[in-house]
Amino acid sequence: MNNGSGKKRPSPASAPHPPPQQQHQKKHHPAMEEEEEMDEDVFLDEALLHDMEDHKELLPNSSGQAAIIRIFGVTREGHSVCCNVHGFEPYFYISCPPGMGPDDISNFHQILEGRMREMNRNNRVPKLVRRIEMVQKRSIMYYQQQGSHPFLKLVVALPTMVASCRGILDRGIHIDGLGMKSFMTFESNVLFALRFMIDCNIVGGNWIEVPAGKYKKSAKNLSHCQLEFDCLYSELISHAPEGEFSEMAPFRILSFDIECAGRKGLFPEPTHDPVIQVANLVTLQGQDQPFVRNVMTLKSCSPIVGVDVMSFDTEREVLLGWRDLIREVDPDIIIGYNICKFDLPYLIQDLIREVDPDIIIGYNICKFDLPYLIQRAEVLGIPEFPMLGRIRNSRVRVKDTTFSSRQYGTRESKEVTLEGRVQFDLLQKEDVHHSIISDLQNGNSETRRRLAVYCLKDAYLPQRLLDKLMFIYNYVEMARVTGVPISFLLSRGQSIKVLSQLLRKARQKNLVIPNVKQAGSEQGTYEGATVLEARAGFYEKPIATLDFASLYPSIMMAYNLCYCTLVTPEDVRKLNLPPECISKTPSGETFVKSNLQKGILPEILEELLTARKRAKADLKEAKDPLVKAVLDGRQLALKISANSVYGFTGATVGQLPCLEISSSVTSYGRQMIEHTKKLVEEKFTTLGGYEHNAEVIYGDTDSVMVQFGVPTVEAAMNLGREAADYISGTFTKPIKLEFEKVYYPYLLISKKRYAGLLWTKPDKFDKMDTKGIETVRRDNCLLVKNLVTECLHKILIARDIPGAVQFVKNTISDLLMNRMDLSLLVITKGLTKIGDDYEVKAAHVELAERMRKRDAATAPNVGDRVPYVIIKAAKGAKAYERSEDPIFVLENNIPIDPQYYLENQISKPLLRIFEPILKNASKELLQGSHTRSISISTPSNSGIMKFAKKQLSCIGCKALISGSDRTLCSHCKGREAELYCKTVANVSELEKLFGRLWTQCQECQGSLHQDVLCTSRDCPIFYRRKKAQKDMAEAKVQLDRWSF
Amino acid sequence: MEAMEVDTLQRKQSVYQFLDEGFKIQKEMYRGQQYSQIYFARLHLMRTLLYSLLPNWKPHLPVCTVLGLEEGKECIVVGTLYKHMKLKSTILDEYSKERSAAPLVKPHNFIHPDDQLILEDESGRVKLRGNVLLPSVYVTGIVVALHGKETGAGDFWVEEILEAGLPEQIELPLKSEDKYVVFVSGLSVGSSTSNPLQFQLLVDHITGYLGDEKEQSIAAQIVQVVIAGNSVEIPGGLLNGQNLASKDQSKMSEPVKELDILLTQIAAGVPLDIMSGPNDPANFALPQQPLHRCLFPGSSAYNTFKSCTNPHSFELDNIRFLGTSGQNIDDLEKYSEAKDKLDFMERTLRWRHIAPTAPNTLGCYPFTDRDPFFVESCPHVYFVGNQDRYDTRIIKGSEGQVVRLVCIPRFGETGIAVVLHLTIYDPGQRVHFVVGRRLVSV
């Protein structure tokens, strides 16, 4: 329907020529402005120079091979741009040995060049070390009285040579007159792209102007971008993201999903399983509807309204068709589920070029979709497939990467490099089971259409998620604030962001940052933040919470903690600094005060926090939802950045660890918490004229919980405010204690575990706030979550402790009486590797193994989440032997093990909650009459049951009855009406449930006339639906025994 | 007592024909079937019907499936409507993470201005736009023919709608002698609000124990009593699977026994149809199956006593009756809007389907090859039980069909029974029973 036309980017016909009306406006710059939003990926390429002969005028002093930086971006009109930036050279610093004169330097240059030549024999660059210049700089480390020292700036030919040159200098070099000498290098670990951005004042998501006349259109386009030109790095004009330049570029976002025809029982592998469908949606950033909707299918497929269905006869055509689409549409961002690991590698090339996305989004794209496509293309022998990037003839590369960070944990993934395109991977989604996919594909064009609709839905979800979570705004703002390309934010940890800011600041101050060798943990650890002893209990009086606003950043600012203000112990003795100029931290370090030397870190923090304040103020004023999104993204980015500075100094394997700073920060923090506690408990006493003695019941890293003893929320709020103001006055600025909220009532279980109703205004509570309590964890069964949540509701909101106890008892009774909904008992764990690789036997792994033996087609595979329940088995059987597939349990009436759930799942979380409230919680809840009645279902598949003869029993009393009676024994005949009512009430309940469950699934799948196929085991009603179906059939049979 | 009167009044009789077969679920079992099949059956049935109407509606226009739509091409497409509703509650809400602190107040109506109609057939779905098709009037499950064209955005712009309209009707018999049918619903025996005396008054009125001779002579003209659901109210919480203590056992069977005693009195004199309703000890899903005879050991001994399905259909002297215990109309009220209950009733007839929201929001058995709620033949009297108030109206079809619509109020709350003259043009009577007094008004 929307074939071809409109898919392509608008033609940039007028763009490269300056429009005449602008010429007179800017006399000395007879130029049109060419804005482009800095794309995240800055690539470099070394082997291009032979093509550059005709650009000599741009490169005045070029000789031989050189690095060219490629900037991808979008113009305001939506044209894709590739800018080849020339002339920027890689460099780093070493400190100049004392007494080295100009002659020594040229001598040193020669020696170094020689050593470099040895290492780079094959390189034809005439001069490996281009220049060595003497500059005046200062190291950022330690307080120094002298303003600057001589440093040597080593400019090398290619970015890769920085590392080899650093290696030579690290190991030591023989210099005439000085002997063997090794050098400490400075800023030698800065990525070339980042170096360029820092030196040119460019941040991620930046608008860049290239004045007319200062660039030259590339004679031979190397990229698939609409505009491609060359220019000198010094001609770039970077616009700070303010005012009109804070706008977001019109990125093209491609969201896609692929379907593969898997073989029965196996997860699709690119070596065997063909790609059968690819669904694509392309959206312009900021618009709510995609402007391209299509699906490419292998073999015919019935049309879908509003979607362009393209059918191909061979898989090869599907893949190439996709590549062409990508080229045409030219997306900036690509999104999808699992695309990096699966879809993209499987497919990659087809679409990206045509669509030309700026951003690729998707679920798990990095782990499944993208690599799958690429590998598949290899298998099929389509060498022209994996050319999806924006550079001609450049292949997409897939490599396995392991990314670990404290924040995200270790995650294995495949890294797919697509020049000029950002990939967003949004992990996790629900799916049609892959064993069904093949059946649908092998059907007719109608069944394939069915599959295509699924595929499209999967492609649409990431787009919606992206919009909802405002990923793009947040990432672009984060990139702008921290100055790194967006791709760094996605693929690297926190420290690069701080490093980028530190480098930028240091450059302004003429400071250089040493390349500290990766010291590992040799520097040892330091004491972390303290937490005040928690006085566990159930508090029925309001608890005021005093919070330190941005505690760690404010400590660093207040005490001027920085690399450049730290005084070495040696210098403390030698320099004899006046005591009013230094401060000694509680951990024993010495820092100079800001009157002597202002720290860089405090300065960065100050800027970040002021900027955040401004952003928040602007946010209040802003009306336009898009502006709001940008501002909110910015203030969040600023907050995260400010908080990660402390972590940067403490990361022992980081770029520039300095434990003197981080341990000082935490020691101050501890001191402040203690100080606050002391002041509160001293001032707010009956002796001091207050009604009650205040009591600090708990203190966390940056907050202190106080019970003032007053009965109302309002009174607690007033005292809280008073305390915050009073105590703030005793701290060095900008450390500030704020009063924000009151908990009432408050259930304090232990350190980091509490629940309470949160009040920020005296008339109505805001919400229930819980921390460290089993309300969300996924590896517990749903029963735990429901039980805990319900109990907390009853205790905190309804203030009904007996009700909560009764609820627990009822639930336990239901569990023991086998009345529990099975879906509540399902435990889910991800299967990350095959059985033997696990050292300890785990329930879900064993089950997966057993299921594979039973039926390989439906058994879970690596990467799947394995749901299981614990069933009753022989005494002494281990938990891992007792795991079973919930579906199998349902179908065969296998009894679950209520004791396991009671002891291993619900008892601990329950006791944690109830212990502060009840005296004999364990006895009260877990023992007693409600635990004595037990009912266990009879399995229908066990060996012994095969020999059992089924005979009708009386519905009333279970006595065996003869065939002629059918329903009731003669004793129960009199109770006929009552017993019938019971049977029919049961049927009635089940019918209600059956209807609601199955119509919900129809709703979800978006079709009334087709059967529900979904087998997502992550869906909360999947087991209930299955069970309702089975129970319904049984209940109907029971009801039919009452003949009419 | 009657026998002792000098002038014995003879109760009139009429020819009764039982038409509930379609609503019976006997051999049908739950075998893993889903709801798609009933929609499929409905679409098939209705499409054949609608196609047969097209030559008289817009013969010049081509007919398309949803798949076959082409941008800008005017055509007619037939399909099932689906209403996407923002406020509709789902079972998934039970699992939502954020439980609001305040208890959820469930609105009685789920309509929202953003509701969106979608047309679906076996081939696919298309969003509907246009000014003629009001989302507040239509509900999920109705099959209609639409005239319009696909817009550039992939939506279908509706120009005009064709509903199936009233079905054919058997000829209304010529006016004969005076005969009455009594309708009552919501007796709610056993509920705290019901007054046993009120029900007794009604029974005495029907059986002719009350009033003067004139009234008795009218009572003698009652040829049929229909109880349209919710006859008993069994205290909640007694039926959750636990074995009952003997005192609870009696608490549960007490209302049923009481009902049986009163029904026996009626059945002894007048033919009686009792339909199952939402609160009765019957199954939940429509069509609700008849209340079990074992609940009525007394009255079921009479051959005048008939336990019927809900919906229920029968003929009296060739006048056709169709009615429900109210669920179909109550559900429409939750998911659409109308001036009054009679409007909803009229719509269901014009859509030719008395329960379009089944199975979507109204519980229903997953039929595999038929749709019992499809109205094949137009009734002369269409009644709905358990409504807030009494209301009635006559509607006419394009081919001379005449239907009397009757809303039967809940007797337990209002004390009102409806006495309908068999000549359906007669507006009928509302008999209001107040303890100690009896008002008969027209």
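The sequence lines fix the lettering, A, B, ..., with proteins before strands; numbering per chain opens at 1.
Heavy-atom distances place the backbone of B/Asp121, and not its side chain, under 4.5 Å from chain A. Only the side chain of B/Thr140 comes within less than 4.5 Å of a heavy atom in chain A; its backbone stays farther off. For B/Gln288, no part lies under 4.5 angstrom from a heavy atom of chain A. Heavy atoms closer than 4.5 Å to chain A are found in the side chain of B/Pro366, but not in its backbone. Interface residue B/Leu81: only backbone heavy atoms are found under 4.5 Å from chain A.
Between the CG atom in A/Asp1040 and the CD atom in B/Gln289 there is a gap of 9.5 Å [rounded to 0.5 Å]. Atom CE of A/Met1032 and atom CE of B/Met29 lie 9.5 Å apart (nearest 0.5 Å). Here the straight-line distance linking atom NZ of A/Lys992 with atom CG of B/Asn283 works out to 11.5 Å at 0.5 Å rounding. Atom NE2 of A/His1009 and atom NE2 of B/His44 lie 12.0 Å apart (nearest 0.5 Å). Taken to the nearest 0.5 Å, the CG atom of B/Asn360 stands 9.5 Å off from the CD atom of A/Gln1000. Here CZ of B/Arg293 is found 12.5 Å from OH of A/Tyr980. Values are rounded to the nearest 0.5 Å.
Using cut-offs of 30° and 60° on the angle between ring planes, the pair A/Phe994 and B/Tyr35 is perpendicular.
Surrounding NZ of A/Lys1026 are at most 12 heavy atoms belonging to other residues, nucleotides or ligands under 6.0 Å away. A 6.0 Å sphere centred on NZ of B/Lys149 holds no more than 12 heavy atoms belonging to other residues, nucleotides or ligands.
The candidate from B/Phe296, B/Phe40, B/Phe284 with the greatest count of non-hydrogen atom pairs under 4.5 Å with chain A is B/Phe284. Across B/Ala285, B/Pro359, B/Gly141, B/Gly363, the residue that shares the most heavy-atom pairs under 4.5 angstrom with chain A is B/Ala285.
When only modelled atom types and interatomic distance are considered, A/Glu1003 and B/Tyr82 share a side-chain donor-acceptor pair under 3.5 Å.
Looking at every heavy atom in both residues, A/Cys981 comes nearest to B/Pro281 through SG-CB, 3.6 Å.
Between the side chain of B/Gln34 and the main chain of A/Trp998, no donor-acceptor pair closer than 3.5 Å is present.
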